[in-house]
Peer 1: 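Quick one: the structure is below, and I'll ask about it shortly.
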Amino acid sequence: MLGKLEQTPSLLKVLTEIEMPLVPVLARIERNGALVDAQLLGQQSVELGEKLVELEREAFDIAGEEFNLGSPKQLGVILYEKLGCPVLSKTAGGQPSTAESVLAELAEQDYPLPKVIMQHRSLSKLKGTYTDKLPQQINPRTGRIHTSYHQAVTATGRLSSSDPNLQNIPIRTAEGRRIRQAFIAAPGYQLLAADYSQIELRIMAHLAQDAGLLEAFRNGLDVHRATAAEVFGVPLEQVSSDQRRSAKAINFGLIYGMSAFGLAKQIGVGRKEAQEYIDRYFARYPGVLAYMERTRTQAAEQGFVETLFGRRLYLPEIHSKNGAMRKAAERTAINAPMQGTAADIIKRAMVAVDVWLQESGLDARIILQVHDELVLEVREDQVETLRERIGPLMSAAADLDVPLLVEAGVGANWDEAH
DNA sequence: AACGGCTCGC
DNA sequence: CTGCGAGCCGTTC
């Protein structure tokens, strides 16, 4: 009796041509490990601890009593019962929410406590998850951190990373980036970070074969700016930074199968206005609309969607009688081919880079993969060779109808390499 | 130990 | 009521 895998040539191909060759590559990456400056993280922990005590004092002062800032339950009592903040949103469990977006909203209404809580939350996240924990994860024998990559966990084909997760190291804020500064190269070596530029949007252009989007990428345009120009009806050079930010949210929203409601929340406009943006987007990029409709239909008819390389995601809930569950399956159907194709491509690239490094005898090794990025540790005198050749090699992992660009940076630490 | 709420990444 | 993950802390059992 043959299973789905043996019966399906495209799945066999994904197995034998992508996943199996990747196994020894992942093993090598895990064994290589990442060098981390424990002393620097230790200093940061001390500094963060001091700032947290300060913020705690401020919070107690505003609240007029002491409470556990880390407890959403206790915080809810202070905010909504004692200080009389309006309840803007509730959690799935029915309690008044204290999530970031809610606190930001309350802060705008001039309540002083939410801002202190937000600062406390973000710093305690950095301390608890990163600066305190990472030094404990250093292997005493190698002096490096060896994450585990999981090859068969995610629905879309991405890798995941655990113990510790090195795929969610902060980057967004200046405080967070300091943690990346603790990921360093060994003496005599440099870090090289190579990431695909907007890979999922490029895949969307390719899969949807939308003329406008293909054109934008082929002309090397800033695609968020180009989207803004189309949606807001202004010349490219007159796009404001707000318009570009909104267009970026629209582009990401499309990849995620987002609704007008979700977009409205994300960019801070009314639902009607958000719907107008979406309508204008689809009017300008009709190929994208047709592709999304095709994807939904295919998911419903075949019960699965697939990536460019034939990896499948089965979606039984696409037939659910429950509307919310069906909608969720439809969003996954939209997202999975793009996210999954990106995963296929970087996996192929990892194998290609690994083969090249093994054959060339260069003193360089892959130490991290973060979904659209590879980080390598390279002997100093070979950095320029690597930097020149890794882009074309990674780009060649797929033959898309748009350029697949790779940006590569070098530095003494992971922050500098970006 | 398991779960909820929250927050970090792409 | 935008996709995919991992992990922290607080809370409950």
Side-chain angles (χ1 to χ4, degrees), chain A residues 67-76 89-104 117-118 120-134 137 147-150 153-173 175-177 179-180 195-201 204 248-267 271 274-275 278 292 295 305 313 315 323-340 342-343 346 368-374 414:
Chain A
F67 64 101
N68 186 343
L69 273 71
S71 164
K73 200 174 164 189
Q74 292 182 36
L75 175 61
S89 160
K90 294 193 172 184
T91 69
Q95 289 182 325
S97 168
T98 67
E100 228 258 6
S101 56
V102 175
L103 296 181
I117 299 296
M118 287 167 70
H120 188 275
R121 280 240 180 100
S122 86
L123 296 190
S124 66
K125 173 80 177 182
L126 295 181
K127 184 170 187 290
T129 306
Y130 305 106
T131 62
D132 285 350
K133 283 291 177 333
L134 288 174
Q137 313 256 16
T147 183
S148 295
Y149 286 105
H150 308 283
V153 168
T154 69
T156 55
R158 274 190 179 178
L159 298 177
S160 75
S161 156
S162 73
D163 307 294
N165 181 358
L166 296 184
Q167 291 182 320
N168 72 345
I169 303 302
I171 191 168
R172 229 178 56 255
T173 65
E175 280 287 353
R177 279 194 296 276
I179 291 164
R180 290 198 170 218
D195 66 287
Y196 287 110
S197 159
Q198 285 158 350
I199 186 169
E200 290 186 6
L201 273 179
M204 184 166 91
K248 191 172 172 180
I250 294 171
N251 281 329
F252 277 105
L254 286 162
I255 291 171
Y256 298 157
M258 187 177 56
S259 66
F261 182 92
L263 178 64
K265 212 170 70 174
Q266 181 71 36
I267 64 179
R271 184 186 184 145
Q275 187 61 54
I278 293 175
M292 305 235 156
T295 304
V305 291
L313 176 64
L315 294 158
M325 291 189 72
R326 200 173 55 247
K327 285 281 175 203
E330 286 177 8
R331 289 194 295 274
T332 305
I334 300 284
N335 172 260
M338 294 183 267
Q339 192 182 118
I346 194 162
L368 295 172
Q369 189 259 36
V370 193
H371 306 307
D372 65 354
E373 171 184 14
L374 296 179
W414 195 6

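Sequence lines set the chain letters: A, B, ... in the order given, protein chains first and strands last, and positions in each chain run from 1. The model shown is predicted, which means the values in this text are computed figures rather than measured ones. Heavy atoms only: backbone and side chains are in, while hydrogens, waters and symmetry mates are out.
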Peer 1: Whether the T98(A) and R121(A) side chains hold a donor-acceptor pair (N or O, under 3.5 Å, no angle test) is what I'd like checked.
Peer 2: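 Distance-only check passes for T98(A) and R121(A).
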Peer 1: Could you state the CZ-P distance from R172(A) to dC10(B), rounded to the nearest angstrom?
Peer 2: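 After rounding, the gap between these two atoms is 10 Å.
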Peer 1: Rounding to an integer number of Å, can you tell me how far Y149(A) OH sits from dG5(C) P?
Peer 2: 17 Å
Peer 1: Report which part of the nucleic acid Q266(A) touches: base, sugar-phosphate, or nothing (heavy-atom distance under 4.0 Å, all strands).
Peer 2: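 Contact class for Q266(A): base.
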Peer 1: Indicate whether OP1 or OP2 belonging to dG3(C) is found under 4.0 Å from a side-chain N or O atom of R331(A).
Peer 2: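 Checking R331(A) against dG3(C): at least one side-chain N or O falls below 4.0 Å of OP1 or OP2.
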Peer 1: Nearest whole Å is fine: how far is dC6(B) P from L103(A) CG?
Peer 2: 8 Å
Peer 1: Judged by each residue's nearest nucleotide on DNA chain C, which is more toward the 5′ side, D163(A) or F252(A)?
Peer 2: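 Closest to the 5' end, via its nearest nucleotide, is F252(A).
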Peer 1: Which value, rounded to the nearest 0.5 Å, describes the distance between I255(A) atom CD1 and I250(A) atom CD1?
Peer 2: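 Rounded to the nearest 0.5 Å, the CD1-CD1 separation comes to 12.5 Å.
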Peer 1: Base, sugar-phosphate or nothing for K73(A)? Non-hydrogen atoms, less than 4.0 Å.
Peer 2: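 If one applies the 4.0 Å heavy-atom cut-off, K73(A) turns out to touch the sugar-phosphate alone, with no base involved.
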Peer 1: How is S122(A) classified with respect to the nucleic acid when contacts are heavy atoms under 4.0 Å: base, sugar-phosphate, or nothing?
Peer 2: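 Result for S122(A) = sugar-phosphate.
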Peer 1: Tell me, do I334(A) and E330(A) make a side-chain contact under 4.5 Å, heavy atoms counted?
Peer 2: no
Peer 1: Between H371(A) (NE2) and dG5(C) (C1'), how many Å, whole number?
Peer 2: 6 Å
Peer 1: Have a look at I169(A) and say if it touches a base, only the backbone sugar-phosphate, or nothing, with a 4.0 Å heavy-atom cut-off.
Peer 2: sugar-phosphate
Peer 1: For E330(A) and dG3(C), give me the distance from atom CD to atom C1', rounded to whole Å.
Peer 2: 14 Å
Peer 1: Has T156(A) got a side-chain N or O lying under 4.0 Å from the OP1 or OP2 atom of dG3(C)?
Peer 2: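 No, T156(A) has no side-chain N/O under 4.0 Å of OP1/OP2 on dG3(C).
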Peer 1: Verify the contact: side-chain N or O of Q198(A) to OP1 or OP2 of dC10(B), cut-off strictly under 4.0 Å; return yes or no.
Peer 2: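 For Q198(A), the contact criterion (side-chain N or O under 4.0 Å from OP1 or OP2 of dC10(B)) is not met.
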Peer 1: With W414(A), which of L166(A), I169(A), I179(A) fulfils side-chain contact (heavy atoms from CB on, under 4.5 Å)?
Peer 2: I169(A)
Peer 1: Does R158(A) get its side chain close enough to the base of dC10(B), under 3.5 Å, for a donor-acceptor pair?
Peer 2: yes
Peer 1: D132(A) has an atom CG; how far is it from atom C1' of dC9(C), in whole Å?
Peer 2: 13 Å
Peer 1: With a 4.5 Å cut-off on side-chain heavy atoms, are L368(A) and Y149(A) touching?
Peer 2: yes
Peer 1: With a non-hydrogen cut-off below 4.0 angstrom, is I171(A) in contact with a base, only sugar-phosphate, or nothing?
Peer 2: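 The residue I171(A) makes sugar-phosphate contact but no base contact.
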Peer 1: Can you tell me the distance, in whole Å, between the NZ atom of K327(A) and the P atom of dG3(C)?
Peer 2: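 From K327(A) NZ to dG3(C) P: 13 Å.
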Peer 1: Grab the CG-P distance between N68(A) and dT12(C) for me, whole Å please.
Peer 2: 13 Å
Peer 1: With rounding to the closest Å, how many angstrom separate the P atoms on dC3(B) and dT2(C)?
Peer 2: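 Approximately 25 Å lies between the P atom of dC3(B) and that of dT2(C).
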Peer 1: With a non-hydrogen cut-off below 4.0 angstrom, is E100(A) in contact with a base, only sugar-phosphate, or nothing?
Peer 2: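 Answer is sugar-phosphate: E100(A) comes under 4.0 Å of backbone atoms only.
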